[in-house]
Amino acid sequence: MSNDFVIQCKYRIAGDVININREEKARLYRKKYEEITSKFRLMDDDFMTLVFGGNIETTQLLLRIILDDSDIAVIETVGQYEIKNPNGRSVRLDIHAVDANGQHFDVEVQRANIGAGAERARLNSSMLDTKMANIGDKVPSLKPTYVIFITENDVLGGGFPLYHIDRRIEELDYESFGDGSHIIYVNGEYKNDSTPIGKLIHDFHCTSADDMHYEILADRVRYFKETEGGQENMCKLMEDFRDEIAKEAALEASIFATIKTCRKHHIPESEIFVEIKEEYSLTDTEAEDYLRNSRESA
């Protein structure tokens, strides 16, 4: 890593600037940088976005393992892909990919259970459909979609490595509805390094490329953690991460302030629920969590 690079990063990775020579500054910033980046894993969504976004080889490997389909051929993959909804809530996907058959994939990493709820899966699935539907088509031609949540915890609680969720017809012995909409949860707590999915989950928890099973993923992790070109991208990631945290903190502060003001004026909880849900475009679960957390911290 060059001294110029670490000096350029000084405003991004924090640390007080003290009256020392350039070489000492470089050493201190390099040490700080290495301390921060050494902790990144694929289970961290920002780092995962760097590794898979724009990289067909890693994204293809990921989808082939999760879907158990070696024929998947990814032709496009984008990190932090936004689908805008002019009439409602827009979504930003961690990874959006398209394969040679026109299938669309949304891959999300979630360390907290709250971000991997059924409503979020439904929203993302509907937005993929909206993206594919052409204005003016009487009957939209929709390709299959897959919304995939890779969760740090076993969100659904069954102990399985994968959970597959599809619409079925109750009156026809739960025959598949066949609408092409698929939701998959990957259980990040699953441990079995003798299976492809178990090895993949293991790799998502690794902080060191040397401990990973899949060389394609390990090489990509090494690039970002151990080469100057990759480190420059990582430095930008930490700056973006800091800004993202600040925005999230400001949003949460605003929501809690709204709740506090409403309660001060003796507005019923049911009306506060509707107010914050509509004002901040929250799901039912998110609005309920904010109300509960505000009561617990009061």
Side-chain angles (χ1 to χ4, degrees), residues 43-49 78-96 104 106-131 133 145-157 163 165 167 181 183-189 237-298:
M43 196 58 77
D44 300 308
D45 59 353
D46 291 289
F47 185 54
M48 176 264 200
T49 297
V78 181
Q80 294 299 307
Y81 183 83
E82 185 175 16
I83 302 179
K84 293 185 178 296
N85 179 6
N87 299 314
R89 180 172 181 172
S90 301
V91 298
R92 185 179 297 275
L93 312 181
D94 285 349
I95 300 294
H96 174 248
H104 284 241
D106 164 31
V107 184
E108 304 287 327
V109 162
Q110 288 294 331
R111 296 181 62 183
N113 292 0
I114 188 174
E119 291 174 336
R120 170 88 181 276
R122 177 182 174 184
L123 174 63
N124 286 18
S125 180
S126 68
M127 292 298 284
L128 287 178
D129 288 342
T130 299
K131 174 177 171 54
T145 63
Y146 293 83
V147 174
I148 301 169
F149 282 99
I150 303 173
T151 61
E152 182 145 33
N153 304 314
D154 185 3
V155 173
L156 299 183
Y163 300 91
I165 301 156
R167 291 187 178 95
S181 175
I183 297 170
I184 300 174
Y185 281 74
V186 180
N187 172 15
E189 291 187 28
L237 166 64
M238 286 185 286
E239 182 180 49
D240 292 343
F241 181 69
R242 179 201 63 194
D243 293 342
E244 181 181 338
I245 291 296
K247 288 179 181 177
E248 290 179 357
L251 175 62
E252 289 195 349
S254 179
I255 294 172
F256 285 127
T258 298
I259 294 172
K260 183 177 180 180
T261 300
C262 288
R263 285 178 178 158
K264 183 178 179 180
H265 290 85
H266 307 291
I267 297 174
E269 291 290 293
S270 59
E271 294 183 20
I272 299 176
F273 173 85
V274 173
E275 171 67 22
I276 62 172
K277 180 183 174 183
E278 294 181 352
E279 177 67 22
Y280 298 101
S281 300
L282 304 176
T283 65
D284 286 353
T285 301
E286 289 170 339
E288 289 168 358
D289 285 336
Y290 276 114
L291 286 173
R292 185 181 64 255
N293 291 336
S294 66
R295 285 192 293 268
E296 292 174 352
S297 61

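For the single chain, residues carry numbers from 1 onward in sequence order.
- Here the straight-line distance linking atom CD1 of I148 with atom CG of L93 works out to 11.5 Å at 0.5 Å rounding.
- Side-chain atoms of F149 and V147, non-hydrogen and from C-beta on, do get closer than 4.5 Å to each other.
- Side-chain atoms of V109 and I150, non-hydrogen and from C-beta on, do get closer than 4.5 Å to each other.
- N153 contributes no side-chain N or O that, together with a main-chain N or O of V155, makes up a donor-acceptor pair within less than 3.5 Å.
- Distance CG/N124 to CZ/R92: 12.5 Å, rounded to 0.5 Å.
- Side-chain contact between D284 and F273 is present, with heavy atoms from C-beta onward closer than 4.5 Å.
- Here the CG-NE2 distance, from D106 to H96, works out to 8.0 Å after rounding to the nearest 0.5 Å.
- Side chain of T49 to main chain of D45: a donor-acceptor pair is present (N/O by atom type, distance under 3.5 Å, no hydrogens or angles).
- Proximity of Y163 to I183: side-chain heavy atoms (C-beta onward) are nowhere separated by under 4.5 Å.
- In this structure E269 satisfies the side-chain hydrogen bond (donor to acceptor under 3.5 Å, both in side chains) test together with R263, R295, sequence neighbours excluded.
- With sequence neighbours left out, S125 forms a side-chain hydrogen bond (donor to acceptor under 3.5 Å, both in side chains) with S181.
- Side-chain atoms of Q110 do not come within 3.5 Å of backbone N or O of T151 as any donor-acceptor pair.
- Between L128 and I83 there is a side-chain heavy-atom pair separated by less than 4.5 Å.
- For the pair M48 and M43, the minimum side-chain heavy-atom distance is 4.5 Å or more.
- Taken from CD1 in I267 to OG1 in T258, the straight-line distance is 10.0 Å, to the nearest 0.5 Å.
- Nearest approach of I259 to S294, heavy atoms of both residues: CG2-OG, 3.7 Å.
- Put simply, the side chain of D154 gets close to the backbone of G157: a donor and an acceptor are under 3.5 Å apart.
- Within the 4.5 Å cutoff, side-chain heavy atoms of D129 are placed close to those of T145.
- Taking the side chain as every heavy atom from C-beta outward, D94 and Q80 approach each other to under 4.5 Å.
- Note that OG1 of T261 is 10.5 Å distant from CD of E275, once rounded to the nearest 0.5 Å.
- Classified by interplanar angle (parallel below 30°, tilted 30° to 60°, perpendicular above 60°), the ring pair F256/Y290 is perpendicular.
- Side-chain atoms of Y185 come within 3.5 Å of backbone atoms of A116 as a donor-acceptor pair (strictly under, hydrogens ignored).
- Of all heavy-atom pairs between E152 and E189, the closest is O-CG, 3.4 Å.
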Inset, instruction - Using the side chain to side chain contact (heavy atoms under 4.5 Å, CB included) rule, take I272 and L291 through it: C-alpha gap first, then chi angles, then the decisive distance, then the call. - result: CA-CA 8 Å; I272 299 176; L291 286 173; 3.7 Å; yes

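- Evaluation of the salt bridge (charged side-chain N to carboxylate O under 4.0 Å, His left out) test over residues 114-128, restricted to residues two or more places apart or in two chains, returns E108-R120.
- Atom CD1 of I276 and atom CD1 of I255 lie 6.5 Å apart (nearest 0.5 Å).
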